[in-house]
Amino acid sequence: MRVLVALGGNAMTSADGDASPENQRRAIGRAAVHLADLIEAGHELVVAHGNGPQVGNIMRKNELAVSELPPVSLDWCGAQTQGTIGFTIVSRIEKELNSRGISKSVVALVTRTVVDPDDPAFTDPVKPIGSYQPRDYAASMEELGQTWKDFGARGWRRVVASPRPVRILETPTIEFLADSGSVVIAAGGGGIPVIADGQGFNGVSAVIDKDLSAAQLALSVKADRLIIATDVPCAVAGFGTPAARDITNVTNMELRALTDTGTFASGSMGPKVDAVLNYVDNGGPMGVIAALDNLPAAVSGKSGTVVTPGDSVLTRGDRDPARTDHA
C-alpha cells in the first residue's frame, strides 16, 4: 500500500514549540520511529512536512540582520527549510531503519508547487508567520511594505498570502522514486510557491498550506492512504464545549456537511479537514487525521478520524467495534 504521511510542526519541535536544531533532531527522531513502523510493515512511504517554525526563525534572522545582509524572500525561506528539514528526516529514518536491519533508499526532494497568480489570497494575506512582536515593531515593518495583524494579548504577527496549490511540478520524479522502492520526502512546507511565466516558473512571496499540498500530492502519486499526522487523536466537533464529540468513522459527504456549519477552526483543525476532504472527494480511497504515534492503526482505519467516500454517516462519536483506540 502506498501511504502519504503529512507531518505537522509538532513532529519537528519540542513540546513547547522550541525549534532549536537539537530539539528538531530529537523530535524528528521520534517521528522516524513511527514512520519506520510503516516501512517495516511493507508500505510504500511518501512524507510531506510543515515548516512554520523554521520559516519563522529565518524571517526573524532577516529582520535582525537587515543592516548587515540582504533579506531573503519567502520562496527562498521555503527552499532553505525544505533542504534542512528534508536532510534531517532522511538521516533519522535511515538510522531507524538501520537499527532494524532494513536497507532502504531514503531521499528528499526540493519541491515546487504551482499557484494561481489570480488567487484571492494574494490580495487578502491571512497566514501568520514569525514571532509575536509589539505594536511599534509591527508598525516599523509595515512601513517596509509588510502586513501585520493584531492577535490580542500575545502581540502582533506578520501575515502573508497563502494561495491554494494547483499542481506539484516534481510529481513525476516523486512517483518514479516511489515506484523504485525509495522513501520520498517531498512538498515540504507545502512546496515552494511558483507562478508560470510562459517559459518557466518564478518563485513568489507566499506560503502554501502543507496539508492541502499533501492532499494534492497524494492524489498525483496515487496514494492509497493520506494520513494527516497531528498531536491529537482525532478531529472533534464542538471542541471546547459541553457538546464536544469525537469524529471517527465518517463519509466525505457527512464531514463536508459539518465543515459547512463552521465546526472546525480555520487556524487549527479546519485546514486538515479540508485537505482530507479534497483527497477523498477527488478519488482518494481513505483519508485519516490521527495522532503521530498511532500511524499503523491509522493506515488500517482503526485510529483517528477516518474519512471514506459515500453518503452514509457515523458522526455520533460512536466507535467502530473493530477500532483499537479509545480517544
Side-chain angles (χ1 to χ4, degrees), residues 6 8-10 12-13 16-19 49-67 70-81 85 113 115-166 188-195 203-214 228 230-232 235 239-241 259-275:
N10 62 290
M12 291 170 288
T13 63
D16 62 0
D18 188 309
H49 61 81
N51 66 348
Q54 293 81 6
V55 166
N57 283 350
I58 294 175
M59 298 304 296
R60 183 61 177 150
K61 290 174 184 177
N62 279 347
E63 296 161 3
L64 294 172
V66 69
S67 62
V72 297
S73 57
L74 276 173
D75 53 326
W76 277 43
C77 291
Q80 290 176 15
T81 56
I85 298 171
T113 301
V115 298
D116 184 349
D118 296 321
D119 191 306
F122 285 111
T123 58
D124 182 26
V126 297
K127 179 71 171 180
I129 62 170
S131 57
Y132 293 93
Q133 298 293 335
R135 176 68 188 100
D136 56 350
Y137 182 88
S140 69
M141 292 296 103
E142 287 179 325
E143 291 177 0
L144 300 177
Q146 296 181 4
T147 302
W148 285 66
K149 180 181 177 181
D150 185 0
F151 283 84
R154 301 188 71 180
W156 289 67
R157 288 182 78 187
R158 184 183 175 186
V159 291
V160 299
S162 184
R164 296 182 74 86
V166 174
I192 305 162
V194 297
I195 290 175
V204 292
S205 188
V207 295
I208 304 172
D209 184 87
K210 60 92 178 169
D211 293 321
L212 292 179
S213 285
I228 306 294
T230 183
D231 56 355
V232 295
F239 180 78
T241 73
T259 65
D260 289 345
T261 64
T263 298
F264 304 107
S266 61
S268 54
M269 189 56 68
K272 295 173 175 54
V273 170
D274 192 11

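Every value quoted in this text rests on a predicted model; they were computed, and no experiment measured them.
Counting heavy atoms from C-beta on, the side chains of Val194 and Val115 never come closer than 4.5 Å. The side-chain heavy atoms of Ile129 and Leu74, taken from C-beta on, include a pair separated by under 4.5 Å. Here the side chains of Tyr137 and Glu63 are in contact, with some heavy-atom distance below 4.5 Å. A heavy-atom distance below 4.5 Å is found between the side chains of Val204 and Phe122.
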Checklist line | Check against side chain to side chain contact (heavy atoms under 4.5 Å, CB included), Trp148 and Arg135 | finding: CA-CA 9 Å; Trp148 285 66; Arg135 176 68 188 100; 5.9 Å; no
Margin query: For Val232 and Met269: C-alpha separation, side-chain torsions, deciding distance, then whether side chain to side chain contact (heavy atoms under 4.5 Å, CB included) applies.
Written below: CA-CA 10 Å; Val232 295; Met269 189 56 68; 3.8 Å; yes
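Formation of a donor-acceptor pair under 3.5 Å by the Ser213 side chain with backbone atoms of Lys210 is not found in this model. Formation of a donor-acceptor pair under 3.5 Å by the Asn51 side chain with backbone atoms of Gln54 is not found in this model. The backbone N or O of Pro193 sits nowhere less than 3.5 Å from a side-chain atom of Thr113 that would complete a donor-acceptor pair. Using a distance-only test at 3.5 Å, with no hydrogens or angles considered, a donor-acceptor pair links the side chain of Asn62 to the main chain of Val72.
Here the straight-line distance linking atom CE of Met59 with atom NZ of Lys61 works out to 12.5 Å at 0.5 Å rounding.
For Ile192 against Gly78, the heavy-atom pair with the smallest separation is CG1-C, 4.3 Å. The minimum heavy-atom distance between Asp209 and Asp211, with the atom names listed, is OD2-N, 3.0 Å. Closest approach of Phe151 to Pro128, counting heavy atoms only: CZ-CB, 3.8 Å. Nearest approach of Asp75 to Gly203, heavy atoms of both residues: OD2-CA, 3.3 Å. Shortest non-hydrogen contact noted between Cys77 and Ile58 is SG-CG2, 3.5 Å.
A salt bridge links Arg164 with Asp274; the closest basic N to acidic carboxylate O contact falls under 4.0 Å.
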With a cut-off of 3.5 Å and sequence neighbours excluded, list every side-chain donor-acceptor pair involving residues 152-163.
residue : atom : partner : partner atom : Å
Arg154  : NH1  : Tyr132  : OH           : 3.4
Arg157  : NE   : Gly130  : O            : 2.9
Arg157  : NH2  : Gly130  : O            : 2.9
Ser162  : OG   : Val207  : O            : 3.1

